[in-house]
**Student:** 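This is the structure, below, for whatever I ask next.
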2 protein chains.
Amino acid sequence: MTRALTRKGEATRARIVAGAAAEIRERGVDEVRLEDVMAHTGTSKGQLFHYFPDGKEELLLAVAQHEADQVLLDQEPMLSNLTSWPAWLAWRERLIERYRAQGVKCPLNGLLGQTGRRAPGAQAIVTGLMWRWQNAIADGVRHMQSTGDISGDVDADRAAAALLAGIQGGVLLLLSTGKTDHLEAALDLTIDSLRASARTQTWQVTTTSPGDGYAGSR
Amino acid sequence: MTRALTRKGEATRARIVAGAAAEIRERGVDEVRLEDVMAHTGTSKGQLFHYFPDGKEELLLAVAQHEADQVLLDQEPMLSNLTSWPAWLAWRERLIERYRAQGVKCPLNGLLGQTGRRAPGAQAIVTGLMWRWQNAIADGVRHMQSTGDISGDVDADRAAAALLAGIQGGVLLLLSTGKTDHLEAALDLTIDSLRASARTQTWQVTTTSPGDGYAGSR
DNA sequence: CGGTTTTTGGACTTGCAGGTCCATTTTTGC
DNA sequence: GCAAAAATGGACCTGCAAGTCCAAAAACCG
């Protein structure tokens with residue numbers, strides 16, 4: 001059932017998706033017409049409907065998947081290696097830097113609101129992204145628990161859920177305010193609270209905590 | 001410059017805004033046509049353009065303002081009286097209950113993505129809402145600091161920013177997952193961390209903390 | 001009352017963006 | 001090299017939803 005695609009065909013399809021994604025990032029979903037995509041990617045209407053027989057909806061879905069994958073890729077290799085506090089900080093830096101650069105141009109905000117309601121597939125893409133994201137964070141929390149850097153009392157999944165919520169909200173507020181303040185505050189305070197959990201536990205046992213050069217947020 | 005509006009006229013205008021808001025909440029911004037609003041509110045096209053000369057854009061802006069105000073109103077009187085831990089919990093409950101009831105139907109998500117890009121006014125409305133919201137939270141934090149329930153070391157504005165980010169992200173994830181788990185986790189963990197800050201400080205002074213019947217989240 | 005302004009109804013126009021179709025060119029695989 | 005399949009270009013169609021216009025009804029106010 002998979003449509004036969006020659007090498008050239010695959011290249012064209014990829015070019016369309018990438019071009020459409022760029023265009024959408026730049027000007028918003030509802031401002032982008034098929035004609036814009038054609039102009040921006042040097043393709044014709046025949047090509048668009050050749051590669052995306054269901055038209056705009058199918059194209060938007062492909063763009064959404066493309067962007068969702070990109071979001072996680074942009075966080076690697078940090079996200080998959082949250083194995084020490086410096087690693088967590090490096091991840092934090094990468095996130096903030098990435099979104100600061102992105103600024104107001106959020107690829108997924110529009111796609112959730114636009115396609116989300118009518119296309120059940122878009123919903124699935126976003127949900128899948130969030131699920132993978134949260135799991136990666138939870139894995140990081142569990143690793144830190146295994147090394148004693150985070151208290152075993154912490155519910156890793158719940159902590160990851162809270163952290164993910166903070167990130168999403170921070171990005172959402174970045175869209176409104178244009179500043180990364182909220183994202184930074186959410187990341188710092190949540191991570192700090194995880195660090196504090198270990199320190200509290202340590203106090204209960206030894207009355208001292210290992211100095212690691214980290215003195216709280218900011 | 002304010003257009004003369006008779007009593008009847010004002011009623012009609014309000015009916016249009018409320019009806020459009022309901023319709024948008026129910027089916028999403030981009031699915032609602034002016035014709036739908038007309039049918040749902042028992043008005044004619046002439047009326048729509050009589051009260052909103054700039055057409056759909058002006059109507060959407062009015063709806064956005066209406067919904068933004070409602071968001072804060074729904075949190076009263078709790079939001080303006082964050083003066084004790086039970087009060088904070090009551091606010092927490094109200095928030096979760098409200099958004100659980102709302103479910104996937106978010107009035108502002110679409111409005112930010114839709115009108116946000118083209119109408120600079122929509123951006124301002126959302127920004128204003130967030131600003132008022134965060135200030136209310138920050139006031140609550142400061143009050144708790146004045147009573148010693150939150151450590152004076154905490155940066156109230158920054159804590160409020162983080163909490164607001166958690167809320168926004170929690171709601172955003174509610175839109176994808178249909179569950180309030182993220183919202184609850186973000187609220188609980190952030191509030192707990194504020195409580196913990198006071199407890200830590202108390203320990204440093206007296207080694208005991210006043211039992212107030214609250215034993216952490218969940 | 002009566003003139004004026006506001007409110008209302010609905011037919012009509014218009015532009016445009018998504019989608020269809022097919023003829024032509026290029027690539028593929030033998 | 002040649003038939004089949006895939007890729008491409010672009011003219012054309014179509015439906016729809018925003019916006020226009022005006023005439024009739026109702027409300028306002030001295």
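Here is the naming used below: chain letters follow the sequence lines, and residue numbers restart at 1 for every chain.
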**Student:** Has B:Trp88 got a side-chain atom pairing as donor or acceptor with B:Leu82's backbone, closer than 3.5 angstrom?
**Tutor:**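 The answer is yes, because a donor-acceptor pair under 3.5 Å joins these two groups.
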**Student:** When rounded to the nearest 0.5 angstrom, what is the spacing between CD in B:Glu35 and NZ in B:Lys45?
**Tutor:**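 With rounding to 0.5 Å, CD (B:Glu35) is 6.5 Å from NZ (B:Lys45).
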**Student:** Provide, to the nearest angstrom, the distance between the CG atom belonging to B:Leu48 and the C1' atom belonging to D:dT20.
**Tutor:**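 Going from B:Leu48 (CG) to D:dT20 (C1'), I get 14 Å.
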**Student:** A:Arg100 and side chain to side chain contact (heavy atoms under 4.5 Å, CB included): which single residue from A:Thr180, A:Leu95, A:Leu174 fits?
**Tutor:**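 Result: among A:Thr180, A:Leu95, A:Leu174, A:Thr180 is the only option passing the side chain to side chain contact (heavy atoms under 4.5 Å, CB included) with A:Arg100.
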**Student:** Rounded to the nearest Å, what distance is computed from the CZ atom of residue A:Phe52 to the P atom of nucleotide D:dA7?
**Tutor:**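 Those two atoms, CZ and P, are 12 Å apart.
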**Student:** Polar pairs (N or O, both sides) under 3.5 Å between protein and nucleotides 17-23 of chain C?
**Tutor:**
{"unit_1": "C:dG18", "atom_1": "OP1", "unit_2": "A:Lys56", "atom_2": "NZ", "d": "2.7"}
{"unit_1": "C:dG18", "atom_1": "OP2", "unit_2": "A:Leu34", "atom_2": "N", "d": "3.1"}
{"unit_1": "C:dG18", "atom_1": "N7", "unit_2": "A:Lys45", "atom_2": "NZ", "d": "3.2"}
{"unit_1": "C:dG19", "atom_1": "OP2", "unit_2": "A:Lys56", "atom_2": "N", "d": "3.0"}
{"unit_1": "C:dG19", "atom_1": "N7", "unit_2": "A:Lys45", "atom_2": "NZ", "d": "3.4"}
{"unit_1": "C:dG19", "atom_1": "O6", "unit_2": "A:Lys45", "atom_2": "NZ", "d": "3.2"}

**Student:** Starting at CD1 of B:Ile167, measure out to CH2 of B:Trp133 and round the result to the nearest 0.5 Å.
**Tutor:**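 Between atom CD1 of B:Ile167 and atom CH2 of B:Trp133 there are 5.5 Å.
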**Student:** Using atom NZ of A:Lys8 as one end and atom C1' of D:dA6 as the other, report the distance to the nearest whole Å.
**Tutor:**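 Answer to the nearest Å: 10 Å.
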**Student:** Can you find a side chain N or O atom of B:Gln47 that sits less than 4.0 Å from OP1 or OP2 on C:dT7?
**Tutor:**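 No, no such contact exists.
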**Student:** Does the side chain of B:Thr12 get closer than 4.0 angstrom to OP1 or OP2 of C:dT8 through an N or O atom?
**Tutor:**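 Yes.
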**Student:** When the distance from NE2 of B:His50 to P of D:dC22 is rounded to whole Å, what number comes out?
**Tutor:**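 Rounded to whole Å, this separation is 17 Å.
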**Student:** Provide, to the nearest angstrom, the distance between the CE atom belonging to A:Met38 and the P atom belonging to D:dA11.
**Tutor:**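 It is 10 Å, rounded to the nearest whole Å.
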**Student:** Under a 3.5 Å distance rule, please check whether A:Asp155 uses its side chain to pair with a backbone N or O of A:Asp157 as donor and acceptor.
**Tutor:**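 Yes; at least one donor-acceptor contact below 3.5 Å.
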**Student:** Out of curiosity, B:Leu48 CG to B:Ile16 CD1, how far, rounded to the nearest 0.5 Å?
**Tutor:**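 CD1 of B:Ile16 is found 5.0 Å from CG of B:Leu48.
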**Student:** Taking atom C1' of D:dA18 as reference, at what distance in whole Å does atom CG of B:Leu59 sit?
**Tutor:**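 It is 12 Å, rounded to the nearest whole Å.
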**Student:** Would one find a side-chain N or O of A:Thr6 under 4.0 angstrom from OP1 or OP2 of D:dA7?
**Tutor:**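 Yes, because at least one side-chain N or O of A:Thr6 sits under 4.0 Å from OP1 or OP2 of D:dA7.
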**Student:** Over how many whole Å does the gap from A:Arg7 atom CZ to C:dT26 atom C1' extend?
**Tutor:**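 Distance, rounded to whole Å: 16 Å.
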**Student:** Grab the CG-P distance between A:Asp30 and D:dA18 for me, whole Å please.
**Tutor:**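 So the two atoms are 14 Å apart, to the nearest Å.
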**Student:** Strictly below 4.0 Å: does B:Tyr51 bring a side-chain N or O up to OP1 or OP2 of C:dT6?
**Tutor:**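 So the side chain of B:Tyr51 is outside the cut-off, no N or O lying under 4.0 Å from OP1 or OP2 of C:dT6.
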**Student:** Can you give me the closest heavy-atom contact between B:Ile125 and B:Ala68, atom names plus distance?
**Tutor:**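 The pair with the smallest heavy-atom distance is CG2-CB, 3.9 Å.
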